[in-house]
Amino acid sequence: MTRLREKYSDIVPMLEPWRNFARSSIKKRVRRGAIEFEIPEVKVILDEKKRPIRRFNLRHRTIAEMMIEEFMLAANETVAAHMTKHHYPFIYRVHDVPDEDRMQSLSKIMAQFGTVLKIEGKMRPKVLQMALRKVKGKPEEGMISTLALRSMKQAVYQTENVGHFGLAAKDYTHFTSPIRRYPDLLVHRLLKEQRTGQKLSKKEKENLNDKLSLMASHASTRERLAIETERETDELKMTEYMLPM
């Protein structure tokens with residue numbers, strides 16, 4: 001680390017405030033109830049012929065990646081809050097509150113390990129966060145985290161802003177640079193239209209909202225397909241790894 005700091009000494013003074021911002025932002029999000037799942041992600045290593053080599057690596061986030069993520073999250077929330085404030089037709093990235101019956105099932109399983117998950121009306125992110133924190137470092141942590149993740153609803157794109165449960169965010173969207181998804185492109189276009197002062201009549205807002213609803217639904221469907229394809233590809237390469245030489 002010392003050698004890296006010396007090598008990039010010309011930009012270290014610029015990076016350190018960003019690092020401090022990232023750490024501060026993470027703490028702020030945790031305080032409001034955001035849920036961080038510590039589920040290891042396996043990275044499949046391939047050779048030049050796209051065959052899995054005899055090792056798999058656990059992917060670990062570095063402080064550099066965390067810094068980038070925090071800037072992206074800050075931008076996403078800022079843009080979503082701006083569009084909410086101005087009541088302009090928009091596409092949000094939402095993560096609805098989990099179903100009560102699923103949370104009840106998770107609560108019963110956690111109770112078997114001596115951990116209490118209180119189910120009192122509408123589930124709040126902070127309640128689930130605190131319960132998961134109690135199993136951190138214990139043998140059952142991985143299993144409980146996986147079950148908790150599966151008990152939650154999938155994040156989707158939609159025009160109705162219901163917030164993001166996992167991030168404990170009131171307003172959230174996907175506004176990133178460089179643009180990685182088609183919804184990102186839509187968000188940029190909508191923000192540009194709103195910022196340039198384009199006025200819409202009530203009927204125009206309704207028509208635009210209907211179009212965005214269809215686009216958001218399609219984007220959510222394609223995203224799930226992409227995720228399933230990625231998982232199947234990883235499983236295929238892991239299976240190839242187990243085949244005899």
Side-chain angles (χ1 to χ4, degrees), residues 21-39 41 61 65-103 106 117-133 145-177 179-191 194 209 212-213 215-224 226-227:
F21 164 79
R23 290 174 174 171
S24 176
S25 180
I26 291 171
K27 290 179 181 178
K28 179 181 177 181
R29 191 167 62 256
V30 170
R31 283 198 302 269
R32 75 186 187 192
I35 303 167
E36 293 283 343
F37 288 104
E38 297 295 336
I39 300 176
E41 180 181 342
R61 290 194 307 164
E65 184 176 352
M66 292 179 187
M67 287 164 58
I68 295 171
E69 287 179 352
E70 291 309 312
F71 292 138
M72 291 172 63
L73 289 171
N76 292 345
E77 290 190 45
T78 300
V79 170
H82 172 82
M83 297 299 277
T84 299
K85 177 182 177 181
H86 291 277
H87 306 288
Y88 202 88
F90 197 57
I91 285 184
Y92 296 92
R93 178 68 170 179
V94 305
H95 187 216
D96 210 347
V97 178
D99 292 329
E100 184 177 347
D101 57 343
R102 289 194 170 217
M103 287 292 100
L106 178 63
L117 172 60
K118 294 182 180 180
I119 310 296
E120 300 176 347
K122 186 177 180 180
M123 173 60 67
R124 293 181 293 111
K126 190 73 173 179
V127 174
L128 181 56
Q129 180 207 69
M130 295 301 294
L132 291 174
R133 188 175 293 178
S145 294
T146 300
L147 290 174
L149 186 59
R150 291 178 179 176
S151 299
M152 298 169 68
K153 293 184 178 180
Q154 289 184 324
V156 296
Y157 298 103
Q158 67 180 44
T159 55
E160 180 185 1
N161 182 19
V162 298
H164 197 293
F165 181 84
L167 294 173
K170 181 181 177 182
D171 306 290
Y172 195 71
T173 190
H174 271 164
F175 174 88
T176 56
S177 182
I179 298 171
R180 298 182 299 164
R181 315 169 184 86
Y182 184 63
D184 297 23
L185 181 58
L186 287 176
V187 166
H188 278 250
R189 287 173 175 170
L190 292 167
L191 178 62
Q194 189 279 325
N209 201 64
L212 292 176
S213 292
M215 292 177 179
S217 177
H218 180 70
S220 297
T221 300
R222 302 308 297 177
E223 178 190 39
R224 286 193 292 273
I227 292 173

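Please read all numbers here as calculations on a predicted model, not as lab measurements.
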Flag the pair Glu69 and Arg29 as a salt bridge only when some basic side-chain nitrogen lies within less than 4.0 angstrom of an acidic carboxylate oxygen.
no
Please check if the number of heavy atoms outside Arg222 that lie under 6.0 Å from its CZ is greater than 12.
no
Heavy atoms of other groups near Lys28 NZ, more than 12 under 6.0 Å
no
Between [X] and [Y], is any pair of side-chain heavy atoms under 4.5 Å apart?
| X | Y | result |
| --- | --- | --- |
| Asp171 | Lys85 | no |
| Asp96 | Gln158 | no |
| His82 | Leu191 | yes |

Test your reading of the model: is there a side-chain donor-acceptor pair from [X] to the backbone of [Y], 3.5 Å cut-off?
| X | Y | result |
| --- | --- | --- |
| Arg32 | Leu167 | yes |
| Ser220 | Tyr157 | yes |
| Ser25 | Phe21 | no |
| Gln129 | Ala34 | yes |
| Thr173 | Ile91 | yes |
| Ser217 | Ser213 | no |
| Arg102 | Arg150 | yes |
| Lys126 | Arg31 | yes |

For the pair His95 and His164, name the ring-plane relationship: parallel under 30°, tilted 30 to 60°, perpendicular over 60°.
tilted
Could you report the tightest heavy-atom contact between Asp99 and Lys153, atom names first, then the distance?
OD1-CE, 3.1 Å
